[in-house]
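In what follows, a structure is listed as structure tokens, so that the remarks can point back to it.
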Amino acid sequence: MTSRHKLGPTDDPHLLYQEAVQSPEVDARLIDRHFKKLTGRPAKAFREDFCGTALLACAWVALGPDRKAVGIDLDRPTLAWGRQNNLSRLSDDERRRIDLVRADVRKVSQPKVDVVAALNFSYCVFKTRHDMLDYVKNARLSLKPGGMLFMDVWGGSESQTEHRDRTRRRGFTYVWEQRSFDPISFHADCRIHFEFTDGRKRRNAFTYDWRLWTLPELRDILEEAGFKDIHVLWETSDRNGRGTGVFRRAERTAAEKSWIAWVVGRT
Ligand SMILES: C[S@@+](CC[C@H](N)C(=O)[O-])C[C@H]1O[C@@H](n2cnc3c(N)ncnc32)[C@H](O)[C@@H]1O
């Protein structure tokens with residue numbers, strides 16, 4: 001299975017989002033390798049929280065015939081889109097090993113899995129410490145003994161400003177807009193727009209009313225929820241200071257304007 005649909009001229013926001021934002025094979029391999037490195041065994045059962053179109057869950061079952069995945073999301077139409085456009089591209093055997101559930105991620109703790117992953121910062125919908133702790137506690141409850149939680153995190157001085165980032169993709173430009181950021185609450189109004197080479201625009205294709213969480217806050221919350229060996233995977237940089245896509249365990253690092261990292265905890 002490959003995540004890359006052939007992207008002709010399209011207005012489909014899910015296709016554009018997947019192309020612009022997601023790297024499911026890279027993420028699945030990172031999780032797989034890191035789990036094996038720390039536990040000495042492969043992770044088999046995987047859960048993608050806030051799965052949206054479940055592209056990562058699809059990449060997970062494609063890792064091998066012993067892999068299973070559950071994707072959980074609240075939004076029925078998005079799950080239906082994932083079934084029609086992503087699960088449909090799996091082999092019959094892969095499709096049998098994946099299950100999509102429409103539910104609140106805080107309310108599901110079965111079946112127990114080796115890995116829970118919450119990516120693309122989706123947990124930022126939880127705006128209070130109470131709600132975030134509730135989520136992380138439930139993630140822990142959903143893990144088998146020796147299981148691991150992976151969350152990606154974004155930050156840096158730029159993340160606490162109003163700004164726009166433009167990234168060129170084949171046939172379109174992906175625009176990430178942080179329309180507002182409140183330094184008191186850390187609430188951020190974030191939007192994704194798409195602009196096409198023929199001049200058309202799709203503004204506010206996705207909007208997020210989020211709280212930006214910091215690494216120390218998340219580490220404290222994981223600790224309070226009972227996780228152990230809580231650590232950060234930090235992206236290495238090349239000689240020009242550009243991210244390499246390779247993440248290494250780090251205890252200290254230098255300040256950067258904009259960064260993405262992972263926070264990981266073990267049961
Ligand atoms: C930013 S999208 C993430 C899509 C995909 N996981 C990714 O990595 O790009 C956030 C998703 O979280 C879902 N969501 C928000 N709150 C949720 C909750 N409490 N339980 C389950 N899903 C939730 C939304 O329906 C949406 O599909």
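We're numbering straight along the sequence, starting at 1. Note that ligands are numbered from 1 as they come in the structure, with each ligand's atoms numbered from 1 the same way.
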Among all protein non-hydrogen atoms, which one is nearest to atom 20 (N) of ligand 1, and what is the separation to 0.1 Å?
V105 N, 3.0 Å
Under 6.0 Å between ring centres: does that hold for F121 and F50?
no
Got the closest protein heavy atom to atom 22 (N) of ligand 1, with its distance?
L74 N, 3.2 Å
Ring-ring centroid check Y17 F206, cutoff 6.0 Å:
yes
Have a look at ligand 1 and work out which part of Y17, if any, has a heavy atom under 4.0 Å from it: side chain, backbone, both or neither.
side chain
Run the side chain to side chain donor-acceptor pair (under 3.5 Å) test on N204 and T207 for me, step by step, so that the C-alpha distance in whole Å, both residues' side-chain angles and the decisive distance to 0.1 Å come before the verdict.
CA-CA 6 Å; N204 302 319; T207 59; over 6 Å; no
Cation over ring face, R169 and F172, 6.0 Å, 45°
no
For the residue pair A54 and L87, what are the closest heavy atoms and their distance?
CB-CD1, 4.4 Å
Aromatic ring pairing F194/Y174, orientation class (parallel under 30°, perpendicular over 60°, tilted between):
tilted
Taking the six-membered ring of W213 as reference, does the NZ or CZ atom of R211 fall below 6.0 Å from its centre and within a 45° cone about the axis?
yes
Atom 21 (C) of ligand 1: the protein heavy-atom neighbour that sits closest, reported with distance to 0.1 Å
A103 O, 3.3 Å
Using a 4.0 Å cutoff against the non-hydrogen atoms of G52, which atoms of ligand 1 qualify?
27 (O)
Under 3.5 Å, N or O to N or O, is F126 touching ligand 1 that way?
no
Which of the atoms of ligand 1 are close to L119, meaning less than 4.0 Å from one of its heavy atoms?
8 (O)
Under 4.0 Å from any heavy atom of E48, which atoms of ligand 1 are there?
6 (N)
Which of the ligand 1 atoms, numbered from 1, are nearer than 4.0 Å to a heavy atom of D75
25 (O)
The protein heavy atom nearest to atom 19 (N) of ligand 1 is D104 OD1, 3.3 Å
I need the contact type for Y208 against ligand 1. Using non-hydrogen atoms and a strict under-4.0 Å cut-off, is it side chain, backbone, both or neither?
side chain
Quick one: look up the protein heavy atom nearest atom 12 (O) of ligand 1 and list residue, atom name and how far away it is.
F50 CB, 3.4 Å
Tell me if the aromatic rings of W259 and W234 count as close, with their centers under 6.0 Å from one another.
yes
For ligand 1, which atoms sit closer than 4.0 Å to a heavy atom of C51?
5 (C), 6 (N)
The protein heavy atom nearest to atom 2 (S) of ligand 1 is S122 OG, 3.9 Å
Please report which non-hydrogen protein atom sits nearest to atom 8 (O) of ligand 1, along with the residue it belongs to and the distance in Å to one decimal place.
N120 ND2, 2.9 Å
Is it true that D114 and R41 make a salt bridge, defined as a side-chain N closer than 4.0 Å to a carboxylate O?
yes
Looking only at protein heavy atoms, which one is nearest to atom 24 (C) of ligand 1, and what is the separation?
D73 OD1, 3.5 Å
Pairing donors with acceptors under 3.5 angstrom, does anything connect the side chains of T128 and H130?
no
